[in-house]
Amino acid sequence: MKYKQRQKAFILLADGTIFYGKSIGTEGTAFGEVCFNTGTTGYQEIFTDPSYFGQLMVTTNAHIGNYGTKEDEMESESIKIAGLICKNFSFEYSRPGAEMSLEDFFAKYNTLAISDVDTRALVSYIREKGAMNAVISTEVDRIDELKVELAKVPSMEGLELASKVSTKEPYYVGDENAKYRIAALDIGIKKNILRNLAKRDAYIKVFPYNATFSELEAFNPDGYFLSNGPGDPEPLVEAQVLAKEIIARNKPLFGICLGHQVIALANGISTYKMHNGHRGINHPVKNLLTGKGEITSQNHGFAINRKETESHPDVEITHVHLNDDTVAGIRLKNKNCFSVQYHPEASPGPNDSVYLFDQFIENLSKH
């Protein structure tokens with residue numbers, strides 16, 4: 001690898017703490033909420049996951065970029081993170097099947113990335129202090145000005161971001177002659193979710209975040225799906241109204257992550273911003289219905305209130321996170337509706353939970 005003259009860069013946290021590193025090439029400044037992902041693989045899927053919109057991603061794995069990028073490993077049409085913070089950035093890649101280096105990938109989408117950061121110290125700090133807003137920048141002579149700008153960045157709590165990543169127009173996925181038809185609300189949907197549904201003999205119509213029940217119903221679907229996505233679920237009033245209408249009509253409904261939170265809110269269960277959230281590909285979950293454990297892929301900074309869920313007469317907790325006992329899944333006792341707070345489609349991550357897609361299809365079949 002030829003020597004690169006790399007510019008100094010820094011991370012400034014909302015509480016004034018500064019960590020230093022070097023730019024990988026793109027110059028400038030990026031604001032967002034700093035968070036970390038503990039996965040050892042799947043960086044391209046993480047960077048293109050719409051759920052991470054507006055977040056500065058710290059990767060805890062020591063090496064990022066060593067296997068390059070591929071078009072078919074995109075989870076959306078572009079990079080969705082606000083910026084990357086890592087330890088060692090690999091400018092060269094070794095995978096024969098890769099189509100582009102990660103350096104060129106970030107340049108293509110004009111996204112800022114900072115390496116040579118003491119990520120162990122940074123992650124330890126935000127684990128203790130909690131997720132907070134931050135700015136990454138190569139403008140080392142503007143620290144004081146950027147502190148003022150950072151103070152004006154809105155908190156993730158109360159922030160509606162689904163509209164920033166949702167499709168503008170409806171589109172179709174799968175074979176139109178498939179056995180099942182699914183209406184999916186895109187509040188930040190990942191491509192691999194759609195692949196998992198399509199390969200189970202489903203034809204999916206994907207709708208914008210603010211679509212109404214009548215618009216989805218016009219597709220004449222066998223069931224409905226509420227996707228993952230970024231931001232606070234509470235401001236998504238239209239999606240909550242949609243969920244209420246689907247549930248009231250007892251139509252098959254499945255929600256993942258943000259969709260799970262929307263379903264909870266539609267049933268009067270509140271949500272809250274977590275201290276750090278769950279972001280990684282080895283989170284342990286227990287299925288309370290089967291007694292089995294699952295290693296899961298997770299990415300969320302909000303969760304639903306456990307006490308309110310336990311006391312709700314119509315809602316049953318089906319899955320719990322074994323690290324902190326947060327609610328990881330629910331179902332409605334008398335309705336055709338269930339949801340989980342993690343990613344059964346993984347990408348990246350294990351496939352312990354793909355049975356949930358089979359469960360949804362089985363619900364469509366029964367209905």
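Here, residue 1 is the first one in the sequence, and each next residue gets the next number.
- Put simply, CD on E45 and CE on M74 are 10.5 Å apart, with the number rounded to the nearest 0.5 Å.
- When the side chains of ILVMFWY residues are joined at heavy-atom separations under 4.5 Å, either directly or via intervening members, L356 and L194 end up in a single hydrophobic cluster.
- For the pair I330 and I304, the minimum side-chain heavy-atom distance is below 4.5 Å.
- Counting heavy atoms from C-beta on, the side chains of V327 and Q341 never come closer than 4.5 Å.
- The backbone N or O of S347 lies less than 3.5 Å from a partner atom in the side chain of K190, making a donor-acceptor pair.
- Both tests hold for R181 against F219: distance to the six-membered ring centre under 6.0 Å, angle to the ring axis within 45°.
- Annotation for R127: atom CZ does not count as buried by contact number, only 12 or fewer foreign heavy atoms lying within 6.0 Å.
- Ring geometry for F338 against F254 counts as parallel: the plane angle stays under 30°, on a 0 to 90° scale with 60° as the upper cut.
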* To do: Would you please test N37 and Y52 for side-chain hydrogen bond (donor to acceptor under 3.5 Å, both in side chains) and show each step?
  => CA-CA 11 Å; N37 188 296; Y52 283 121; 2.8 Å; yes
* To do: Could you walk me through whether E27 and K22 pass the salt bridge (Lys or Arg N to Asp or Glu O under 4.0 Å) test, one step at a time?
  => CA-CA 10 Å; E27 298 176 11; K22 292 180 180 177; over 6 Å; no
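- At least one side-chain heavy atom of I11 sits less than 4.5 Å from a side-chain heavy atom of V117.
- With Y203 as reference, Y172 is the one residue of Y172, Y180, Y171 to meet the ring pair (Phe, Tyr, Trp, His ring centres under 6.0 Å) rule.
- F105 is listed as a side-chain neighbour of T48, based on a closest heavy-atom distance under 4.5 Å.
- Considering NZ of K87 and CG of L122, their distance stands at 11.5 Å, rounded to 0.5 Å.
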* **Worked verdict on L150 versus L12 for side chain to side chain contact (heavy atoms under 4.5 Å, CB included)** => CA-CA 9 Å; L150 178 58; L12 169 64; 4.1 Å; yes
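- No side-chain donor-acceptor contact under 3.5 Å links T59 and N61.
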* Begin with the C-alpha distance, continue with both residues' side-chain angles, and end with the deciding distance and a verdict on ring pair (Phe, Tyr, Trp, His ring centres under 6.0 Å) for F47 and Y109. => CA-CA 11 Å; F47 301 158; Y109 295 106; over 10 Å; no
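- Of the possible donor and acceptor atoms, one in the side chain of N267 sits under 3.5 Å from a partner among the backbone N and O of I263.
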* Test log, rule ring pair (Phe, Tyr, Trp, His ring centres under 6.0 Å), inputs Y355 and F357 -> CA-CA 5 Å; Y355 70 89; F357 290 107; 9.6 Å; no
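- Between the side chains of E160 and S163, at least one donor N or O sits under 3.5 Å from an acceptor N or O.
- Of the possible donor and acceptor atoms, one in the side chain of E215 sits under 3.5 Å from a partner among the backbone N and O of T212.
- Atom CG of N323 has more than 12 heavy atoms from other residues, nucleotides or ligands within 6.0 Å.
- T296 and Q298 share a side-chain donor-acceptor pair at under 3.5 Å.
- Looking at M57 and I46, their side chains come closer than 4.5 Å, going by heavy atoms from C-beta outward.
- Around the CD atom of E149, the shell of radius 6.0 Å holds more than 12 heavy atoms that belong to other residues, nucleotides or ligands.
- For R306 (side chain) and D325 (main-chain N/O), a donor-acceptor pair under 3.5 Å exists by modelled atom type.
- Within 6.0 Å of atom NZ in K366, 12 or fewer heavy atoms from other residues, nucleotides or ligands are found, so the atom counts as exposed in its surroundings.
- Judged by distance alone, with hydrogens and angles left aside, the side-chain atoms of T167 form no donor-acceptor pair with the main-chain N or O of P170 at under 3.5 Å.
- Linking ILVMFWY residues whenever their side-chain heavy atoms come closer than 4.5 Å, directly or via other members, places I126 and F19 in the same cluster.
- From Q7, atom CD reaches atom CD of E139 across 9.0 Å, with rounding to the nearest 0.5 Å.
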* What do the steps show when you test K273 against E157 for salt bridge (Lys or Arg N to Asp or Glu O under 4.0 Å), and what is the final call? -> CA-CA 6 Å; K273 189 176 187 299; E157 192 165 10; over 6 Å; no
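- Ionic pairing of E145 and R142 is present here: one or more N-O contacts between side-chain nitrogen and carboxylate oxygen are shorter than 4.0 angstrom.
- Side-chain atoms of H260 and S339 form a donor-acceptor pair, as typed in the model, at a separation below 3.5 Å.
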* **Pair Y125-T17, side-chain hydrogen bond (donor to acceptor under 3.5 Å, both in side chains): steps then yes or no** => CA-CA 10 Å; Y125 188 82; T17 306; 2.9 Å; yes
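- Panel note: side chain Y67, backbone G42; a donor-acceptor pair is recorded below 3.5 Å.
- Looking only at side-chain heavy atoms (C-beta outward), I182 and P221 stay at 4.5 Å or farther from each other.
- If you take CD on Q261 and CG on L226, they are separated by 11.5 Å, rounding to the nearest 0.5 Å.
- Heavy-atom neighbours of R120 CZ from other residues, nucleotides or ligands within 6.0 Å: at or below the threshold of 12.
- One side chain, E294 or S353, offers a donor N or O that lies under 3.5 Å from an acceptor on the other.
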* Candidate pair K251 and E217, rule salt bridge (Lys or Arg N to Asp or Glu O under 4.0 Å), full reasoning -> CA-CA 10 Å; K251 305 283 189 177; E217 184 70 357; 3.8 Å; yes
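- A salt bridge between R6 and D116 is present, with a side-chain N of the basic residue lying under 4.0 Å from a carboxylate O of the acidic one.
- Proximity of T111 to L84: side-chain heavy atoms (C-beta onward) are nowhere separated by under 4.5 Å.
- The closest donor-acceptor contact from the side chain of E33 to the backbone of M156 lies at 3.5 Å or more, if one exists at all.
- Residues V165 and L185 fall into different hydrophobic clusters, defined by Ile, Leu, Val, Met, Phe, Trp and Tyr side chains chained together at heavy-atom separations under 4.5 Å.
- At most 12 heavy atoms of other shown residues, nucleotides or ligands fall within 6.0 angstrom of atom NE2 in H63.
- Residue K335 places its NZ atom among more than 12 non-hydrogen atoms of other residues, nucleotides or ligands, all under 6.0 Å distant.
- In this structure, CG on D186 lies 13.5 Å from NZ on K205, to the nearest 0.5 angstrom.
- Looking at N228, its side chain never comes within 3.5 Å of a backbone N or O of L258 through a donor-acceptor pair.
- A donor-acceptor contact shorter than 3.5 Å links the side chain of T309 to the backbone of N305.
- Between the side chains of H278 and H300, at least one donor N or O sits under 3.5 Å from an acceptor N or O.
- When atom types are taken as modelled, the side chain of E99 and the backbone of E71 share a donor-acceptor pair closer than 3.5 angstrom.
- A side-chain donor from one of N336 and N363 sits under 3.5 Å from a side-chain acceptor of the other.
- The CD atom of Q359 lies 8.0 Å from the CZ atom of R331; values are rounded to the nearest 0.5 Å.
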* Can D49 and K80 be said to form a salt bridge (Lys or Arg N to Asp or Glu O under 4.0 Å), step by step? -> CA-CA 6 Å; D49 180 349; K80 290 298 187 291; over 6 Å; no
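- In this structure, Y209 and L242 have side chains that are not in contact, with every pair of non-hydrogen atoms separated by 4.5 Å or more.
- Residue Y43 is not grouped with residue F53 when hydrophobic side chains (ILVMFWY) are merged at heavy-atom distances under 4.5 angstrom, including chains of intermediate members.
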